[in-house]
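Questions regarding the structure given below will be posed in turn.
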There are 2 protein chains.
Amino acid sequence: MAAVAALDVEQFRRSDRRLTPQRQAVLKAFLELSREHPTAESIYEAARRYCPTVGLATVYRSLDLFVQMGLIQKAPSLNGTARYDTQRVPHDHFVCLKCGRIYEFHKAQQPEADGEFDEKGFQVFNTSTIYFGYCPSCRQ
Amino acid sequence: MAAVAALDVEQFRRSDRRLTPQRQAVLKAFLELSREHPTAESIYEAARRYCPTVGLATVYRSLDLFVQMGLIQKAPSLNGTARYDTQRVPHDHFVCLKCGRIYEFHKAQQPEADGEFDEKGFQVFNTSTIYFGYCPSCRQ
DNA sequence: GTGATTGCAAAGGTTTTGCAGTAAC
DNA sequence: GTTACTGCAAAACCTTTGCAATCAC
């Protein structure tokens, strides 16, 4: 978390981008919620606590920017609502088929992206295993 | 494929659901395109070749129904457009970070959903590994 | 000062819903 | 004949975009 924030300031300095209060608020809100793979809407709500005038469009623009900068990444989602995730590399996801929530897990074994992909012209940046099912709240 | 179609008729008979030409067209269209994890829109276009009057809303309703019946499933997507996938169990996905296309791969090793999930109250139905990167068309 | 960034509101794209008519059983 | 299903159009979402005003540099 501290690593992400530090990286952040440096990257902003290097580019001609500006570190506005809005972007700081969005990043802070994201870091706060990153464990739960937040939607833009929930990041927006949290960010308003730090910068009450920030607009939803700015939240989307900031998140897109952070994705472009490689600070965060989009998480695959089942129901058409974008979710965001940290860039920390090897972790797996549990996707609830009922509520769409995404949970994060850390597992020992991680499949290797072997030569098969390279042969076929695919360039692999990241690998993640997804478990589908019902989460504790939805298991009734 | 034949297995899915056969299962289909049986399941319809058992429930009080009706096997309409529209639903047959949607299922046929989906089976035709299943390899490429089609969106509702592309299934709609293909389905109109079998049933020219079918509406987009009906396509969505049919796909939802097939998901409920366990015939097909939703595939995780990065860009807010739903994609559909077969229920055939062990296969992996490559998600292109640029165009959002999903490719299917069959790999030998498949991580096991071990007791860890059960302990925590998660019920795992299915497991899939996702590789993120650029596909051949987007690799430029 | 200059140009990137913002907030708002409007537009865009995807998916869902209400309803009267239709068709499968 | 019933009742589930359909097509249409409108509504409901989520996300992006245009633009004048603003603020970080």
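The figures that follow rest on heavy atoms only: side chains count, while hydrogens, waters and symmetry mates do not. Numbers restart at 1 for each chain; the letters A, B, ... are given by sequence-line order, proteins then strands.
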Short side-chain to backbone donor-acceptor contact, A/Ser62 and A/Thr58, under 3.5 Å:
yes
Taking only residues two or more places apart in sequence, or in another chain, which ones meet A/Thr53 in a side-chain contact (heavy atoms from CB on, under 4.5 Å)?
A/Cys51
Heavy atoms of A/Tyr44 and A/Val59 approach each other most closely as CD1-CG2, 3.7 Å
Any non-hydrogen side-chain atom of B/Asp85 less than 4.5 Å from a side-chain atom of B/Lys74?
no
First contact, last contact: which nucleotides of DNA chain C are these for chain B, 5' to 3', heavy-atom distance under 4.0 Å?
C/dT14 to C/dC25
End axis versus end axis in the helix from C/dG1-D/dC25 to C/dC25-D/dG1, the angle rounded to 10°, five pairs used at each terminus
40°
To the nearest Å, give me how far apart CG (B/Leu65) and P (D/dA4) are.
13 Å
Which distance, rounded to the nearest 0.5 Å, do you find between the CG of B/Leu63 and the CD1 of B/Ile43?
4.5 Å
According to salt bridge (Lys or Arg N to Asp or Glu O under 4.0 Å), does anything in residues 23-33 of chain A pair up with another residue at least two apart or in another chain? List the pairs.
A/Glu32-A/Arg49
Report yes if the side chains of A/Arg83 and A/Glu36 come closer than 4.5 Å at any heavy-atom pair, otherwise no.
no
How long is the gap from CG on A/Leu27 to CD1 on A/Ile72, to the nearest 0.5 Å?
8.0 Å
Readout for nucleotides 7-23 of chain D: B = base within 4.0 Å of protein heavy atom, S = sugar-phosphate only, - = neither; 5' to 3' it is BB-----SBBBB-----
Are A/Leu19 and A/Gln24 side-chain neighbours, meaning at least one heavy-atom pair lies under 4.5 Å?
yes
side-chain contact (heavy atoms from CB on, under 4.5 Å) partners of A/Ser42, counting only residues at least two apart:
A/Leu33, A/Pro38, A/Thr39
